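Notes to accompany the following structure.
As the structure is a prediction and not an experimental result, all values here were calculated from the model. Worth knowing before you read on, the calculation uses all heavy atoms, side chains too, and leaves out hydrogens, waters and symmetry mates.
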Amino acid sequence: MTKIALLGAGGKMGVRLATNLRGSRFDVDHVEISEDGRQRLASAIGVDCVDQDKALAGADVVLMAVPDRLIGKIAHSIIDKVRPGTAFIVLDAAAPHAGEMPERPDVTYFVTHPCHPSVFNDETDPEAKKDFFGGVKAKQHIVCALMQGPEEHYALCEEIARTIYKPVIAAHRCTVEQIAILEPALSETVAITMCIALREATEEAIRRGVPRQAAVEFVLGHINIGLSIAFEVFPEGRFSDGALHAIEQAKPQIFREGWLERVFDPNAVMQSVKEICKAA
């Protein structure tokens, strides 16, 4: 049976992962340094934590459910405590892409991250509809990358990734650099920033007298139809002539020329992940 050392098991993400690993074919040693975290984990799934050194000594896989800014520091502090052939699974590309992982050629580094449930889905269970993060009830896709290590480790690590993020539709294989392009560049620098801008614009419409509920329902509905047309989920859909004119007029007012090149430039992506790793 594959032995997993789950680091940060009592944190918010750690408890999510521990919950999904419960009952799987994997044997999990739960590691948590804080007393609050240990109590949280015991309350959530009824398991106790084990000594970190003991867990690492017997681990086939080290699953790092720890904050991005600590991944490199923790990895360096434990790298000499694992056996050759141990696989490290990291839940975000920032630290690996920024060069934060310790140099040790006889271990595997694998990166995985959830796509989160799509705005376009076929969920009918009310609980699944409310699972916006994923990993509980709603189906989602995930991305995976084998940074270093033997190819045969990819299948094992993907199986673990599918388990911790279940229910999973598909696991898309990428490179570490490609996952860094997806997050932070695409998902946070662009998409989530636009989400915040949409909320600010909605509040401005409300400030100018539009009833709050009318403004919220109107913008959410238009986001839905707009995304369905833009991403060809609704292939027969078309933007109206008025909408196309508004888009043409608005883009130079809202976006600076060359913004795509600036955001996705490899140096900008690298700078972003380095800042994430050093965030307080």
Side-chain angles (χ1 to χ4, degrees), residues 2-22 24 26-34 37-38 40-41 45 47 49-114 133-135 142-149 153-154 156-166 171 174 176 179-180 183-184 273-274 276-279:
T2 300
K3 189 81 165 181
I4 297 176
L6 174 57
L7 307 189
K12 186 175 181 180
M13 193 64 189
V15 171
R16 281 179 173 271
L17 273 52
T19 300
N20 282 352
L21 285 165
R22 184 177 50 178
S24 72
F26 302 108
D27 184 14
V28 182
D29 279 340
H30 302 85
V31 178
E32 174 57 52
I33 62 172
S34 78
R38 294 192 193 101
R40 187 183 304 114
L41 183 65
I45 63 172
V47 299
C49 291
V50 303
D51 175 74
Q52 177 174 278
D53 287 353
K54 179 181 178 182
L56 292 171
D60 300 301
V61 176
V62 178
L63 181 53
M64 302 189 71
V66 299
D68 293 336
R69 69 183 186 278
L70 298 179
I71 288 173
K73 179 180 179 181
I74 292 173
H76 277 273
S77 72
I78 65 174
I79 193 65
D80 293 331
K81 298 179 181 181
V82 300
R83 299 171 297 177
T86 300
F88 283 76
I89 297 181
V90 182
L91 307 182
D92 190 274
H97 189 53
E100 295 283 320
M101 304 303 291
E103 290 188 18
R104 184 172 163 182
D106 63 345
V107 301
T108 292
Y109 291 141
F110 182 90
V111 179
T112 183
H113 199 78
F133 188 89
I142 63 174
V143 292
C144 301
L146 182 64
M147 182 177 180
Q148 71 173 46
H153 275 186
Y154 184 89
L156 171 63
C157 292
E158 183 192 299
E159 182 185 357
I160 294 171
R162 284 178 172 272
T163 302
I164 62 177
Y165 294 136
K166 67 181 181 182
C174 302
V176 173
I179 297 179
E183 183 166 314
V273 296
K274 285 183 176 180
I276 287 169
C277 293
K278 291 177 172 56

Those residues that, when tested against Glu183, pass side chain to side chain donor-acceptor pair (under 3.5 Å) (two or more places apart)
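For Glu183, the residues satisfying side chain to side chain donor-acceptor pair (under 3.5 Å) (neighbours in sequence not counted) are His113, Ser187.
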Once side chain to side chain donor-acceptor pair (under 3.5 Å) is applied, do any residues pair with Thr108, and if so which ones, sequence neighbours excluded?
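Partners of Thr108 under the side chain to side chain donor-acceptor pair (under 3.5 Å) test: His153.
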Side chain proximity check, [X] to [Y], heavy atoms < 4.5 angstrom:
X: Val111; Y: Phe88; result: no
X: Leu41; Y: Cys49; result: yes
X: Phe133; Y: Met13; result: yes
X: His30; Y: Ile45; result: yes
X: Val61; Y: Lys3; result: no
X: Leu17; Y: Leu6; result: yes
X: Ile160; Y: Ile4; result: yes

May I ask you to decide if [Y]'s main-chain N or O and [X]'s side chain share a donor-acceptor pair within less than 3.5 Å?
X: Lys278; Y: Arg69; answer: no
X: Thr86; Y: Val82; answer: no
X: Arg38; Y: Gly10; answer: no
X: Thr112; Y: Val143; answer: yes

Starting at [atom1] of [X], measure out to [atom2] of [Y] and round the result to the nearest 0.5 Å.
X: Thr163; Y: Glu158; atom1: OG1; atom2: CD; result: 10.0 Å
X: Lys81; Y: Ile79; atom1: NZ; atom2: CD1; result: 11.5 Å
X: Ser24; Y: Lys166; atom1: OG; atom2: NZ; result: 7.0 Å

Run the ring-centre check on Tyr154 versus Phe110 and record whether the distance is less than 6.0 Å.
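That pair passes the under 6.0 Å test.
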Looking at residues at least two apart in the chain, or sitting in another chain, which of them share a ring-ring contact (aromatic ring centres under 6.0 Å, His included) with Tyr165?
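Not a single residue meets the ring-ring contact (aromatic ring centres under 6.0 Å, His included) criterion with Tyr165.
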How about Lys274: does its NZ atom have over 12 heavy atoms from other parts shown lying under 6.0 Å from it?
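Atom NZ in Lys274 is not packed in, count stays at 12 or less.
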Quick one: ring-ring contact (aromatic ring centres under 6.0 Å, His included) pairs with a partner in residues 58-85, sequence neighbours left out?
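Listed by first then second residue: nothing to list.
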Just list the side-chain donor-acceptor pairs under 3.5 Å for residues 89-100, sequence neighbours left out, or say none.
unit_1	atom_1	unit_2	atom_2	d
Asp92	OD1	Ala94	N	2.8

Any salt bridge (Lys or Arg N to Asp or Glu O under 4.0 Å) involving residues 104-113? Give me the pairs, sequence neighbours left out, ordered by first then second residue.
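Non-adjacent pairs meeting salt bridge (Lys or Arg N to Asp or Glu O under 4.0 Å): Arg104-Asp106.
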